[in-house]
Amino acid sequence: MAQYLVTGGAGFIGSHLTDELVRRGEQVRVVDNLSTGKRQNLAQHPNLDFIEGDLADLQVARRAVTGVDYVLHQAAIPSVPRSVLDPIASNRANVEASLNVLVAARDAGVKRVVYAGSSSAYGNTPTLPKAESMAPAPLSPYALQKLVAEQYCQLFTRLYGLETVTIRYFNVFGPRQDPSSPYSGVISLFISALCDGRAPTIFGDGEQTRDFTYVANVVDGVLRACHVKDASGEVINVATGGRISLKELFENVRQLVGANVDPLYAEVRAGDVKDSQADISKARRLLGYEPTVRFEDGLQKTVDWYRASQLTVA
Ligand code: UD1
């Protein structure tokens with residue numbers, strides 16, 4: 001049994017990682033400042049080792065990593081538009097806190113840090129799918145911050161011998177993704193709007209594409225990355241390898257929900273990437289990763305979850 005720390009463990013992806021680790025009988029600690037995460041996401045683990053604190057404070061990071069073997073660093077302000085509006089707050093959460101986690105992990109003798117990188121680092125690459133060997137081209141403060149922290153991880157591996165792996169996420173979705181903010185992930189916004197009979201907004205012409213990835217696939221990739229020896233120091237895409245347009249996404253959700261509502265259209269969002277699709281051959285080769293939940297099945301599970309949680313609230 002190993003000791004894991006999930007930073008941002010009360011958030012959407014972090015809480016799914018926590019669930020799986022608990023299911024496997026591992027020891028888990030969560031640190032979260034509850035800025036976007038919620039205690040409710042961990043209600044199924046009443047005895048969980050939970051630290052409420054902000055990793056931008058080095059003392060919190062040091063306390064959190066004490067006695068830890070593996071750090072799964074998920075804590076972030078995970079939004080492109082929020083970073084465009086407030087790059088300083090976003091940098092503090094995404095870069096400064098990440099540096100604190102790395103310093104604390106190095107000093108505490110942590111075995112490995114697996115970092116939640118982002119596909120946004122690629123920007124508008126001329127070719128698809130996007131492979132890790134392509135030069136990054138961040139288009140937003142968020143994308144740059146995720147890239148900086150990822151490069152800090154690689155630097156810590158080279159300079160101090162701290163093992164790190166960056167998993168680049170591609171538009172992760174699933175149960176518990178919070179639809180309550182305008183900065184929320186698009187699938188959570190579309191489902192919650194259509195379930196309420198409201199019209200979702202499509203920014204731009206709706207022809208932009210994304211490699212939407214169901215959360216269980218990401219959990220699998222991240223947990224594999226803890227233990228594969230040759231993965232240390234690497235950056236690895238984890239996604240499905242496909243892509244669909246926002247218009248297609250809207251149609252899919254509309255059919256699943258059974259709503260008869262048309263979308264509204266608004267200006268394209270500043271910092272938005274046009275197309276995103278992952279080359280997942282490195283994850284296959286290095287991690288033995290294979291996406292196990294297809295987009296359509298993941299979307300169905302997500303719609304079912306939103307419906308069930310609506311019933312609970314009502
Ligand atoms: C980006 C990153 C992703 C990161 C995420 C965190 C890319 C390719 N991906 O996702 O790695 O984890 O930020 O937020 O850069 N949209 C609408 N209507 C809405 C909301 C969004 O049309 O109500 C559109 C957006 O303009 C965008 C797409 O849907 O084109 C996806 O948006 P969103 O879910 O916010 O994620 P990204 O910005 O793609």
Side-chain angles (χ1 to χ4, degrees), residues 8 11-14 36 74-85 90 93-94 115-125 128-130 134 136-147 149-150 166-174 177-194 196 198-215 217-218 221-222 235-240 242-254 261-279 299 302:
F12 160 49
I13 301 173
T36 56
Q74 312 300 307
I77 296 183
S79 163
V80 169
R82 262 186 88 174
S83 80
V84 172
L85 277 173
S90 177
N94 298 339
Y115 171 63
S118 170
S119 55
S120 57
Y122 291 109
N124 285 326
T125 52
L128 293 174
K130 302 184 183 201
M134 291 175 177
L139 296 177
S140 63
Y142 172 77
L144 180 62
Q145 292 154 11
K146 280 278 156 183
L147 180 64
E150 156 184 320
T166 293
I167 300 296
R168 280 190 182 162
Y169 298 167
F170 283 69
N171 293 82
V172 187
F173 71 97
Q177 192 169 29
D178 182 4
S180 64
S181 144
Y183 308 121
S184 300
V186 66
I187 291 188
S188 69
L189 291 171
F190 280 11
I191 296 176
S192 64
L194 288 173
D196 293 350
R198 287 180 285 112
T201 302
I202 293 181
F203 296 119
D205 60 7
E207 298 297 341
Q208 68 268 47
T209 57
R210 294 290 185 271
D211 188 342
F212 290 108
T213 308
Y214 187 66
V215 64
N217 296 323
V218 170
V222 168
V235 172
I236 308 170
N237 293 338
V238 163
T240 67
R243 67 187 172 111
I244 69 159
S245 72
L246 264 284
K247 272 185 174 161
E248 289 171 279
L249 171 70
F250 177 81
E251 269 315 316
N252 276 302
V253 177
R254 177 157 67 178
V261 177
D262 288 325
L264 304 170
Y265 280 88
E267 275 296 288
V268 66
R269 241 169 33 180
D272 218 27
V273 169
K274 178 80 176 86
D275 296 303
S276 183
Q277 179 183 18
D279 180 335
L299 198 60
T302 309

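One-based numbering, in listed order, for ligands and for the atoms of each.
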Review point. Is any NZ, NE, NH1 or NH2 atom of the basic residue among Asp279 and Arg168 found under 4.0 Å from an Asp or Glu carboxylate oxygen of the other?
Key: no
Check your understanding: Of all heavy-atom pairs between Tyr169 and Gln74, which one has the smallest distance, and what is that distance?
Key -> OH-OE1, 2.6 Å
Exercise for review: Using a strict cut-off of under 4.0 Å between a residue heavy atom and any atom of ligand 1, list the qualifying protein residues by chain and number.
Suggested key: Pro78, Ser79, Val80, Ser118, Ser119, Ser120, Tyr142, Tyr169, Asn171, Gly185, Val186, Leu189, Phe190, Thr201, Ile202, Phe203, Gln208, Arg210, Leu246, Arg269, Asp272, Val273, Ser276
Point to revise | Main-chain N/O of Thr240 paired to Asp211 side chain as donor or acceptor, under 3.5 Å | key: yes
Check your understanding: In terms of side-chain heavy atoms, does Ser184 have a donor or acceptor partner in Asp178 at a distance below 3.5 Å?
Key -> no
Check your understanding: With Ala75, which residues qualify under side chain to side chain contact (heavy atoms under 4.5 Å, CB included), at least two apart?
Key -> Thr7, Leu55, His73
Check your understanding: Any sub-3.5 Å donor-acceptor pair from Gln177's side-chain atoms to Val215's backbone N or O?
Key -> no
